[in-house]
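These notes concern the structure reproduced below.
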Amino acid sequence: MNGWILAGTVVLAGGAGAAVWGVSTGPLRRRVVAQNLSTSVVCPSLLLLSQGYGRPAYVDLALLLALLGPVGTLVFARLLAAELERDPASAWGPTFAAAGLGTLTVLVLCVAVGPGRAMVKLLVVGALLVGGNLVASRALSGGFRGVRRG
């Protein structure tokens, strides 16, 4: 076991445990935020495990998750719009913490892999992960000004 695998395991265990607890308990607003943040925890752990095991295919899986995770959250926001309008979700602290974790993970891995194709792929995954998480969190907290619901 090396440091990459240990870091990936710690991130996955801590974040996934918190996400499972948040999804399984509490009001609707906490459950949808936990579902959204689960992507932001699993994706960096896949990137760390990819480096630790030397398997670039894990980066492809992280890319797919960074693309589809926020889309799933946006579907939930749309389907649960009436319930969330009465009790909007607000979790900017965890959202920025997850964005910081993703950014830090991508930057550290970019330094480790050096310039090249793998670095470009990591930067794309990081941009999708952070951007998608921020957009999905904004949609859960009440949407965007000028965009009609329903």
Query raised in the report: Does any non-hydrogen side-chain atom of T39 lie less than 4.5 Å from one of N133?
Result: no

**Report entry** Gap between atom OG1 of T95 and atom CZ of R138 - 0.5 Å precision
**Finding:** 11.5 Å

Requested in this report: Check whether L63 and L48 end up in the same hydrophobic cluster, where Ile, Leu, Val, Met, Phe, Trp and Tyr are linked by side-chain heavy atoms less than 4.5 Å apart.
Outcome: yes

Query raised in the report: Tell me, do Q51 and N2 make a side-chain contact under 4.5 Å, heavy atoms counted?
Result: no

Query raised in the report: Measuring from L101:CG to L37:CG, what's the distance to the nearest 0.5 Å?
Result: 10.5 Å

Query raised in the report: Can you tell if the side chain of L109 reaches within under 4.5 Å of the side chain of W4, non-hydrogen atoms only?
Result: yes

Query raised in the report: Just wondering, do T25 and R30 contact through their side chains at under 4.5 Å, heavy atoms?
Result: yes

Report summary line: Minimal heavy-atom distance between C43 and A62, with the atoms involved, is SG-O, 3.2 Å

Query - Nearest-0.5 Å distance, CG of residue D60 to CG of residue L65 - result: 12.5 Å

Query - Point-to-point distance, once rounded to the nearest 0.5 Å, from CG of L28 to CG of L140 - result: 9.0 Å

Requested in this report: Please answer: with hydrophobic residues joined when any side-chain heavy atoms are less than 4.5 Å apart, are L129 and V42 in the same cluster?
Outcome: no

Requested in this report: Measure from the side-chain N and O atoms of S50 to the backbone N and O of L46, and report whether any donor-acceptor pair falls under 3.5 Å.
Outcome: no

Query raised in the report: Counting distance only, does the side-chain N/O of R29 pair as donor-acceptor with the main-chain N or O of L84 below 3.5 Å?
Result: no

**Report entry** Any donor-acceptor N/O pair, S137 side chain to L134 backbone, under 3.5 Å
**Finding:** no

Requested in this report: Any chance you could measure Q35, atom CD, to T73, atom OG1, to the nearest 0.5 Å?
Outcome: 3.5 Å

Query raised in the report: Is V41 reachable from V23 through a run of I, L, V, M, F, W or Y residues, each pair having side-chain heavy atoms under 4.5 Å apart?
Result: no

Query raised in the report: Can you name the closest pair of heavy atoms from S38 and A19 and give their distance?
Result: CB-CB, 3.8 Å

Query raised in the report: Taking a hydrophobic cluster as the set of Ile, Leu, Val, Met, Phe, Trp and Tyr residues connected by side-chain heavy atoms closer than 4.5 Å, whether directly or through intermediates, do V32 and L68 fall within one such cluster?
Result: no

Report task. Indicate, with yes or no, if V108 and V113 share a hydrophobic cluster defined by side-chain heavy-atom contacts under 4.5 Å among Ile, Leu, Val, Met, Phe, Trp and Tyr. Result -> yes

Report summary line: Between S45 and G8, the two heavy atoms sitting closest are CB-O, 3.5 Å

